[in-house]
Amino acid sequence: MNEHRQDEDQNNKPNSNASFENSGHHGDSTGEINTSGISPVQANSQQRVLIVTAVDAEKDAVLRGLGDTAAEQFDVIAAGVGPASAAAGTSATLAYAVVAAGTRALAKGSTTPSSSDVAQASATSDGPGPLAGTGSSPAYMLVISAGIGGGFPGRADVGSLVVADAMVAADLGSQTPDGFLSVDELGFGSSIVAADAELAARLRHELQRAGLAVSGGTAVTVSTATGTAETAAELLRRVPDAAAEGMEGFGVATAAQQFGVPALELRAISNAVGPRDRDAWRIKDALDALQAASSILREVITS
């Protein structure tokens with residue numbers, strides 16, 4: 001989610017616990033993760049999917065789209081606003097899967113997880129990350145950062161969807177007399193996490209087949225939501241194929257990468273990236289689009 005919130009009466013959305021306020025942040029969210037509502041890892045648990053939103057309004061839209069059977073395969077959490085909360089909440093939930101496997105092992109009278117428990121509590125990916133392929137990875141096949149956000153004009157219209165090809169921390173770096181340098185250019189790491197390309201393409205295809213407007217490109221993650229044309233232009237200079245702006249995608253993707261789990265970012269566009277114009281925000285339309293996309297997501301993942 002970007003900065004795009006209104007009060008609930010303006011949001012016109014029933015059963016939402018999030019408040020869309022004027023502050024330029026994501027409404028009411030403590031950032032605390034309650035693992036009591038997260039399903040324990042079960043048989044075939046490597047087929048589970050973790051969906052991470054910023055606030056409850058987004059979480060509720062995703063759950064409505066997933067339907068009554070969501071709990072059979074999906075865990076959906078509202079981790080809080082910004083990349084730090086998103087990364088922390090995602091990591092905590094992924095790690096919980098390992099704890100659940102260990103608890104089951106102890107309940108069986110073993111002091112260590114059995115090979116079957118480890119298999120259930122380990123991602124099959126050998127991708128990058130200190131926990132990848134070590135038997136410490138949680139039993140999720142996929143992590144998705146989902147929510148509403150800004151769309152770059154001409155690339156993602158208001159009311160449409162973006163399934164990102166990559167998640168980029170667009171403001172992670174350093175200012176210099178010659179301009180902005182990313183952490184990549186500074187040699188301090190990477191500001192880019194690639195999405196699962198095959199699944200992203202498949203999801204876009206199915207969303208299009210369902211008659212929903214969707215595009216690809218990069219989803220940029222920022223800690224300060226864009227409010228001027230100058231900042232929007234600077235972001236496009238840094239990330240030429242930017243399509244959507246949010247505040248959590250890179251944090252979610254980085255946490256998933258640490259555990260060797262592939263990631264996606266799904267954004268429903270509520271406003272244009274650029275000059276702040278609250279009257280032009282279409283939050284309800286974006287939440288409706290997120291709900292519709294989530295129903296397709298269930299079909300794509302489970303088919």
Side-chain angles (χ1 to χ4, degrees), residues 1-6 10-11 18 20-27 52-55 57-58 61 81-83 85-86 144-173 175 179-180 182 191-193 195 200 204 207 212-253 264-290 293:
M1 182 170 177
N2 200 351
E3 59 162 333
H4 328 299
R5 291 162 323 241
Q6 297 171 308
Q10 293 169 310
N11 204 8
F20 290 88
E21 308 191 78
N22 295 324
S23 65
H25 299 289
H26 293 277
V52 184
T53 70
V55 296
E58 296 165 323
V81 178
S85 291
I144 302 173
S145 175
I148 68 175
F152 286 86
R155 305 180 182 198
D157 295 333
V158 174
S160 70
L161 297 157
V162 171
V163 178
D165 297 303
M167 290 67 74
V168 172
D171 55 5
L172 182 61
Q175 292 289 343
F180 176 83
S182 69
S191 60
I192 304 170
V193 178
R204 281 194 296 268
L207 291 172
L212 299 174
V214 59
S215 57
T218 294
V220 299
T221 299
V222 295
S223 295
T224 301
T226 298
T228 68
E230 292 76 14
T231 303
E234 172 63 14
L235 286 176
L236 286 174
R237 186 192 69 78
R238 297 177 191 175
V239 187
D241 67 340
E245 175 185 276
M247 299 177 76
E248 293 79 31
F250 180 78
V252 172
L264 289 180
E265 182 166 359
L266 170 65
R267 289 283 160 188
I269 305 305
S270 60
N271 65 284
V273 176
R276 181 183 171 93
D277 181 7
R278 180 170 177 173
D279 292 337
W281 294 353
R282 286 169 45 190
I283 294 175
K284 184 179 184 303
D285 290 344
L287 290 170
D288 288 344
L290 182 61

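Only heavy atoms go into these numbers, but all of them, side chains included; no hydrogens, no water, no symmetry mates.
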Where do E248 and S145 come nearest, in terms of heavy atoms and distance? C-OG, 4.1 Å
Would you confirm whether R204, through its side chain, and S215, through its main-chain N or O, come within 3.5 Å as a donor-acceptor pair? no
Give the intermediate values and the outcome of side-chain contact (heavy atoms from CB on, under 4.5 Å) for residues L235 and V222. CA-CA 10 Å; L235 286 176; V222 295; 4.2 Å; yes
Strictly distance-based, threshold 3.5 Å: is any side-chain N or O of S85 a donor or acceptor partner for the main-chain N or O of G82? no
Indicate the atoms forming the closest heavy-atom contact of G274 with A232, along with that distance. CA-CB, 4.0 Å
With rounding to the nearest 0.5 angstrom, report the CG to CD1 distance, L161 to I148. 12.0 Å
Would you call D288 and R282 a salt bridge, using N to O less than 4.0 angstrom? no
Identify the two heavy atoms, one from V273 and one from G150, that lie closest to each other, and give their separation to 0.1 Å. CG2-C, 3.5 Å
Between T226 and E245, is there a side-chain donor-acceptor contact under 3.5 Å, judged purely by atom types and distance? yes
Can you tell me how far CD1 of I192 sits from CZ of F250, rounded to the nearest 0.5 angstrom? 8.5 Å
Any side-chain to backbone donor/acceptor pair from N271 onto V158? Under 3.5 Å, distance only. no
Could you go step by step and tell me if R238 and D171 meet the side-chain contact (heavy atoms from CB on, under 4.5 Å) rule? CA-CA 9 Å; R238 297 177 191 175; D171 55 5; 4.0 Å; yes
Once rounded to the nearest 0.5 Å, what's the spacing between atom CG of L290 and atom CD of E58? 7.0 Å
Under the side-chain contact (heavy atoms from CB on, under 4.5 Å) criterion, do V55 and V81 qualify, and how do the steps go? CA-CA 7 Å; V55 296; V81 178; 4.2 Å; yes
Roughly how far apart are M247 CE and T224 OG1, rounded to 0.5 Å? 6.5 Å
When rounded to the nearest 0.5 angstrom, what is the spacing between OG1 in T218 and CG in L236? 11.0 Å
Please confirm whether the backbone N or O of A242 pairs with a side-chain atom of R155, one donor and one acceptor, at under 3.5 Å? yes
Distance in Å, L266 CG paired with L207 CG, rounded so as to fall on 0.5 Å steps: 7.0 Å
Are the side chain of D285 and the backbone of G159 linked by a donor-acceptor contact shorter than 3.5 Å? no
